[in-house]
Number of protein chains: 2
Amino acid sequence: MDNRHRSATQSDVAKEVGVSRTLVSFAFRGAPGVSEETKQAIFDAAKRLGYRPNAVAADLARKHRSAVGLHLLDIRNEVYADILSGVRMALPQDGNRLILSVSRSVDGEDHGALESLIEARVGIIIAATLLDSDERVHELAKIVPLVSVTRPVDGVDSVYSDDAAGARAATEHLIRLGHTRIAHLAGPVYDGHTVRRQSYAQTMRDAGLKPLLLEADDFTQDAGQRAAAKLLAMTDRPTAIFTHNDPLALGAREAAYALGLSLPSELSLVGYDNSRTSGLHGIDLTSVDLHAVELGRIAGTVALERLSNPDGPAADKRLTPQLVVRNSTAPPVGNSQM
Amino acid sequence: MDNRHRSATQSDVAKEVGVSRTLVSFAFRGAPGVSEETKQAIFDAAKRLGYRPNAVAADLARKHRSAVGLHLLDIRNEVYADILSGVRMALPQDGNRLILSVSRSVDGEDHGALESLIEARVGIIIAATLLDSDERVHELAKIVPLVSVTRPVDGVDSVYSDDAAGARAATEHLIRLGHTRIAHLAGPVYDGHTVRRQSYAQTMRDAGLKPLLLEADDFTQDAGQRAAAKLLAMTDRPTAIFTHNDPLALGAREAAYALGLSLPSELSLVGYDNSRTSGLHGIDLTSVDLHAVELGRIAGTVALERLSNPDGPAADKRLTPQLVVRNSTAPPVGNSQM
DNA sequence: ATGAAAGCGCTAACAT
DNA sequence: ATGTTAGCGCTTTCAT
């Protein structure tokens, strides 16, 4: 009884018109060698029968796979939504199916996610963000072409932002304002995701300052709030915090207000993402723009290229992030020593 | 040369082990009737050859289609990201492929979007939000099972929030605070998407007040800012604005600040969505929560049910929204008369 | 427990 | 211009 929605096939159309299936196939793909007359007859019959091409069967018959698998770490994070919309922009209107896989939670074990994309026989996987180990990423890349977004992986198509430069710009901005006790609120640690913290630490040391790093247990606003609360409870609490991403910064912001602190006079804050929220009046969060939409757009383009040229050299597209200074950062006040 | 990534098939495994394809198929689906011994041999060989089941071919061979097509109006709107994550929660870990289709822009012509989902032969389409005419929705539903999220459609599985109640609650909240010049900032008009404005207008009239409605040309923050700027430039400008959604409200907020107004003393604002942003310190936007994640979760559940019972009666799940009062609303001040 | 064979809806040589 | 035939990788009767 599953045939309630069974649709007509090429055979049905062929029978109706009185021609072979081949002609129907040709007609629908605009292949040459079908007379105008029969073409019309075929389209008419198709319409009458409500025939729709079955893209899946077509893909199976053709050898090549055109579907694009998109893996998103956390769709509720604006960055990933932006990447998704960038990818969409790059893909042709009606060309490649987009098969989505979103991580359930940041459990580090993205296993199932990519696995299901592979079983769906996508022609390529765009992954933003891969949390797996470098080793495993290489294994996966052997099975299916991979475009790593947000994280550079050797020998694998990579589209990312220069995190070292971004973190340096953020840290230097705070140092230049006169801050000395600058903390970095990082996320959980994963292969390929420690660039920002390292660049921060290096920049601090280069300035003769002591790095103060705290890891949040997730990349969310709540995690940021919890972690920042600890940071702000310290006897010699930092006068500035630079966070791994905007949600974390927004969480830190809540923690600060909960303590009655006011920004930026008593605490300077720098986020990372330059999400729409950060530009809102009253939020005014200084943040590093990593051009997420652009990242997605380029990733989509790279994927398309890879699909048509499987053996070309791995792409390595690095965008330069941009520090957007707003009103959440200011020089430290003299009496904020305690 | 496309075979660089060609993976092993059941035949390859069968050959390697020295059994028939049938056994391999059985073994991988856990079908009964395969001895432990051969099962082991099969799995071993599969591993050796790097065999991966081809879910697409399997779907083709089986008659029923298990893939779920998800249509999202605007992924950069948090509501849709929430719906997506709700849907994900409802679908079994590794069960149903999720094929995504996102509208390029709000051009009203979602045509291609759903069309490509149909050609991808998904078993069901979860659509949030359908902008098409009622008539066309019914046509589509004849071709493939449809779950309409966010908008009730007669005879079609629908999962939505009681917009009339939400809009009424918002409007009454403002009336109760003492406002009389309350404007409604609506979005572009589409079939099935005028409930909020109508409920607002009705509530106003019921209170003996005159509705003041303005349509933004999109559902975005920018559109909201543009439209609100007009509203606030009126000689007898409203003392309160209730918007169709949060981005629109956030835009109105920017417009207000750009004019040097302060909230909520000089302008009360009520949004709709209760997005994360609205709860931020300094934003504090009073908003109607439509439980987007829950909407998605239920839609996923309904879709699964429909897949296993194509002929059941259409589901009609209506959630009750909740007004969340924050600090963007207050009584009008006496001297705000102009 | 195991295998043979037909078929899912389509494409792609290879005829005619 | 049109038709024939063999697959694509898998599931599923039906035999054995």
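Just so we're on the same page: letters track the sequence lines, and every chain starts at 1.
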- Quick one: is B:S25 getting a side-chain N or O under 4.0 Å of the D:dT11 phosphate, OP1 or OP2? yes
* Asked: When only distance counts, do a donor and an acceptor, one from the side chain of A:T22 and one from the base of D:dT4, lie under 3.5 Å apart?
  -> yes
B:L60 atom CG is separated from C:dA6 atom P, nearest whole Å, by 18 Å
Notebook entry, point to check: Is any NZ, NE, NH1 or NH2 atom of the basic residue among A:D59 and A:R65 found under 4.0 Å from an Asp or Glu carboxylate oxygen of the other?
Noted result: no
side-chain contact (heavy atoms from CB on, under 4.5 Å) with A:Y160: of A:R318, A:K317, A:R151, only one passes, and it is A:R318
Derivation of the salt bridge (Lys or Arg N to Asp or Glu O under 4.0 Å) call for A:K142 and A:E139: CA-CA 5 Å; A:K142 247 172 256 164; A:E139 265 172 35; over 6 Å; no
Whole-Å distance, B:F28 CZ to D:dT12 C1', equals 18 Å
B:N54 atom CG is separated from C:dC8 atom P, nearest whole Å, by 18 Å
Whole-Å distance, B:K63 NZ to C:dG7 C1', equals 8 Å
Closest to the side chain of A:S35, out of C:dT11, C:dC8, D:dT2, is D:dT2
If the threshold is 4.0 Å, N to carboxylate O, is there a salt bridge linking A:R48 and A:E16? yes
From CG of B:D12 across to P of D:dG9 the rounded distance in Å is 8 Å
Check every strand shown and say whether A:V19 touches a base, only sugar-phosphate, or nothing at a heavy-atom separation below 4.0 Å. sugar-phosphate
Any donor-acceptor pair, under 3.5 Å, between the side chain of B:R29 and the base of D:dT11, if you only look at N and O atoms? no
Any A:S11 side-chain nitrogen or oxygen under 4.0 Å from OP1 or OP2 of C:dG9: no
Against the side chain of B:A61, the closest entry in D:dT2, D:dC8, D:dT11 is D:dT11
Heavy-atom nearest nucleotide on DNA chain C taken for B:F26 and for B:R121; more 5' hit belongs to B:F26
Taken to the nearest whole Å, CZ/B:R65 to C1'/C:dG9 is 9 Å
Comparing B:R62 with B:V34, nearest DNA chain C nucleotide closer to 5' gives the residue B:V34
Categorize A:Y51 for me: base, sugar-phosphate, or nothing, with a 4.0 angstrom heavy-atom threshold over every strand shown. sugar-phosphate
Winner on side-chain proximity to A:T38, out of D:dT13, D:dT2, D:dG9, is D:dT2
To the nearest angstrom, the CD-P distance between A:Q10 and C:dC10 comes to 4 Å
- Query: Think B:T9 has a side-chain N or O under 4.0 angstrom from the OP1 or OP2 of D:dG9?
  - Reply: no
A:D59 CG to D:dG9 C1', in whole Å, measures 13 Å
Is a donor from one side chain sitting under 3.5 angstrom from an acceptor on the other, for B:T129 and B:Y80? yes
